[in-house]
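Presented below is the structure to which this report refers.
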Amino acid sequence: MRTTPLTAVPLLVAALATPAHAAALPAASATVQPPRVPAGTTAAWVVYDRHAGKIVATRNAHRKYRSASVVKILIAIDYLERRESVPPADAKSLQIMLRSSDDDAASAFWDRLGKGQIIVRTARKLGLADTTPPPAAKPGFWGYTSLSAYDIVRTYRYLLDRAEPRVRDTILGHLRKAAPCGTDGFDQTFGIPDAVPRPWAVKQGWSGFGTTPPVKCGGDARAVGAPISWIAQRATGSGVPDYGRPVLYTSGLVGKGERYVMALLTAHPAGGTWNASVKRITTLTRDLYRHVTA
């Protein structure tokens, strides 16, 4: 696990900046302070301003987290870029995987496409230096992929700037229509959806909260097989980042014209509840958005 000191951040910005813009960190807002991370919570974030062509907020940009469902974006990229057409059944699976964070759909694609080789291929193509496959002893657990806030922002920028239109439009089109409820019954409106005004396109992630949400989201949310949150609690000795701690992630495109690319990753105290953790990440997201838009 590697945490990047603030003195190294300007080097990171250069890698994300477009050629037309010089890379530089902004001065801190004079009116709105950066978010304050609660004691016991570990947070990392990167916000990229597409208009300015630079990062405008960063913390622990290269710290590795277990991916949870955020890896579904990489699964979708790999699938779409390896074929010219998408059968109707696969199109439906992509939709439910990206909009409702369906684990069964992700597992089906994961097995068909070569498990960890998906991560090897996409990390190489997108230049994701912090993104690595799950541990060799846990090849089927896509949620154990390691990644960083920096790499998530880089992934969105790949979709916006380099991916073929059909890949970009399919993935971002689904993320713009993210459902309020995950198919496992968890409410996925924490973070960006609750803290930032529309428009936005989002992909959320959660792990370590067990199989049953405190309040089931939506009357028709269906129970699915053991989710990654269940697996995370039982994979002793896995070497997965933040093993034993629940995690929540919010990421996507926010602001008018989808001006900002945002990734905010949080690990909460062991045994932390869903409701308390959701409140923390949503408050952090709101404060971060206010800071960069002040």
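Below, each value reflects all heavy atoms present in this structure, side chains not excepted, and no hydrogens, waters or symmetry copies.
A donor atom on one side chain and an acceptor atom on the other are found under 3.5 Å apart for Lys72 and Ser101. Remark: the Thr183 side chain and the Ser100 side chain contain no N/O donor-acceptor pair separated by less than 3.5 Å. For the residue pair Asp151 and Thr131, a side-chain donor N or O sits within less than 3.5 Å of a side-chain acceptor on the partner. Donor-acceptor pairing under 3.5 Å is recorded for the side chains of Tyr156 and Ser251. A donor-acceptor pair shorter than 3.5 Å cannot be found between the side chains of Thr58 and Trp45. Side-chain contact check for Trp206 and Asp184: at least one donor-acceptor pair (N or O, by modelled atom type) lies under 3.5 Å. Side-chain polar atoms of Ser207 and Arg66 form a donor-acceptor pair below 3.5 angstrom. Arg245 and His268 are not linked by any side-chain donor-acceptor pair at a separation below 3.5 angstrom, with hydrogens and angles left out of the test.
Expressed to the nearest 0.5 Å, how far CG of Leu284 lies from OG1 of Thr250 amounts to 11.0 Å. Residue Asn275 holds its CG atom at 9.5 Å from CZ of Phe209, rounded to the nearest 0.5 Å. Expressed to the nearest 0.5 Å, how far OH of Tyr289 lies from CH2 of Trp200 amounts to 12.5 Å. Atom CG of residue Leu175 and atom CD1 of residue Ile73 lie 5.5 Å apart, to the nearest 0.5 angstrom. Here the CZ-OH distance, from Arg259 to Tyr48, works out to 11.5 Å after rounding to the nearest 0.5 Å. Note: Leu160 CG to Ile171 CD1 = 11.0 Å, rounded to the nearest 0.5 Å.
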- Dump the intermediate steps for side chain to side chain contact (heavy atoms under 4.5 Å, CB included) on Leu80 and Thr170, then the final yes or no. CA-CA 9 Å; Leu80 290 168; Thr170 298; 3.9 Å; yes
Could you check Asp161 against Arg154 for salt bridge (charged side-chain N to carboxylate O under 4.0 Å, His left out), going step by step and ending with a plain yes or no?
CA-CA 10 Å; Asp161 302 335; Arg154 194 173 182 91; over 6 Å; no
Candidate pair Phe186 and Trp274, rule ring pair (Phe, Tyr, Trp, His ring centres under 6.0 Å), full reasoning: CA-CA 9 Å; Phe186 281 87; Trp274 172 265; 4.8 Å; yes
When you look at Ile152 and Val46, which way does the side chain to side chain contact (heavy atoms under 4.5 Å, CB included) test go after all the steps?
CA-CA 9 Å; Ile152 295 171; Val46 172; over 6 Å; no
Can Arg121 and Asp78 be said to form a salt bridge (charged side-chain N to carboxylate O under 4.0 Å, His left out), step by step?
CA-CA 8 Å; Arg121 289 190 295 264; Asp78 188 71; 2.8 Å; yes
| task | Show your working on side chain to side chain contact (heavy atoms under 4.5 Å, CB included) between Leu253 and Leu172 and close with a plain yes or no. | result | CA-CA 9 Å; Leu253 311 178; Leu172 294 183; 4.1 Å; yes
- Stepwise side chain to side chain contact (heavy atoms under 4.5 Å, CB included) check, Lys203 with Ser69: CA-CA 8 Å; Lys203 184 69 200 79; Ser69 290; 3.7 Å; yes
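In this structure the side chain of Val254 never reaches within 4.5 angstrom of the side chain of Val261, judged on heavy atoms. At least one side-chain heavy atom of Leu264 sits under 4.5 Å from a side-chain heavy atom of Leu288. Here the side chains of Trp110 and Thr145 are in contact, with some heavy-atom distance below 4.5 Å. Residues Trp142 and Pro134 form no side-chain contact, since every pair of their non-hydrogen atoms from C-beta on lies 4.5 Å or further apart. Between Thr155 and Leu126 the shortest side-chain heavy-atom distance falls below 4.5 Å. In this structure, the side chains of Ser146 and Asp130 stay at 4.5 Å or more apart for every pair of heavy atoms. Looking at heavy atoms from C-beta onward, Leu159 lies in side-chain contact with Ile77 at the 4.5 angstrom threshold. Looking at heavy atoms from C-beta onward, Met97 lies out of side-chain contact with His174 at the 4.5 angstrom threshold.
In terms of heavy-atom proximity, Ala179 sits nearest to Gln188 at O-NE2, 2.7 Å. Residue Ala270 comes nearest to Gly244 through the heavy atom pair CB-O, 3.5 Å, listed as atom of the first residue, atom of the second, then distance. Between Pro133 and Ile119 the shortest heavy-atom distance is N-CG2, 3.7 Å. When all heavy atoms are compared, the tightest approach of Val278 to Leu248 is N-CD1, 3.5 Å. Residues Gly272 and Ser277 come closest through the heavy atom pair C-OG, 4.3 Å. Nearest approach of Ala43 to Tyr65, heavy atoms of both residues: C-OH, 3.4 Å.
Of the possible polar contacts, none joining the Asp49 side chain to the Ile55 backbone as a donor-acceptor pair under 3.5 Å is found. Counting only distance, with no hydrogens or angles, the side chain of Arg50 and the backbone of Glu258 share a donor-acceptor pair below 3.5 Å. Within the 3.5 Å criterion, the main-chain N or O of Ala276 finds a donor-acceptor partner in the side chain of Thr273. No donor-acceptor pair closer than 3.5 Å links the side chain of Thr41 to the backbone N or O of Val37. Remark: side-chain polar atoms of Ser107 are not paired, donor with acceptor, to backbone N or O of Asp104 under 3.5 angstrom.
Evaluated for a side-chain hydrogen bond (donor to acceptor under 3.5 Å, both in side chains) with Glu164, the options Arg162, Arg166, Arg168 yield exactly one hit, Arg166.
Residues Val120 and Ile118 do not share a hydrophobic cluster, defined by chaining ILVMFWY side chains whose heavy atoms lie under 4.5 Å apart.
For Glu81 and Lys125, the salt-bridge test passes: some basic side-chain N is under 4.0 Å from an acidic carboxylate O. Ion pair Arg63/Asp242 flagged as a salt bridge, since at least one NZ, NE, NH1 or NH2 atom sits closer than 4.0 Å to an Asp/Glu carboxylate oxygen.
With a 6.0 Å cutoff to the six-membered ring centre and a 45° limit on the axis angle, Arg83 counts as a cation-pi contact of Tyr79.
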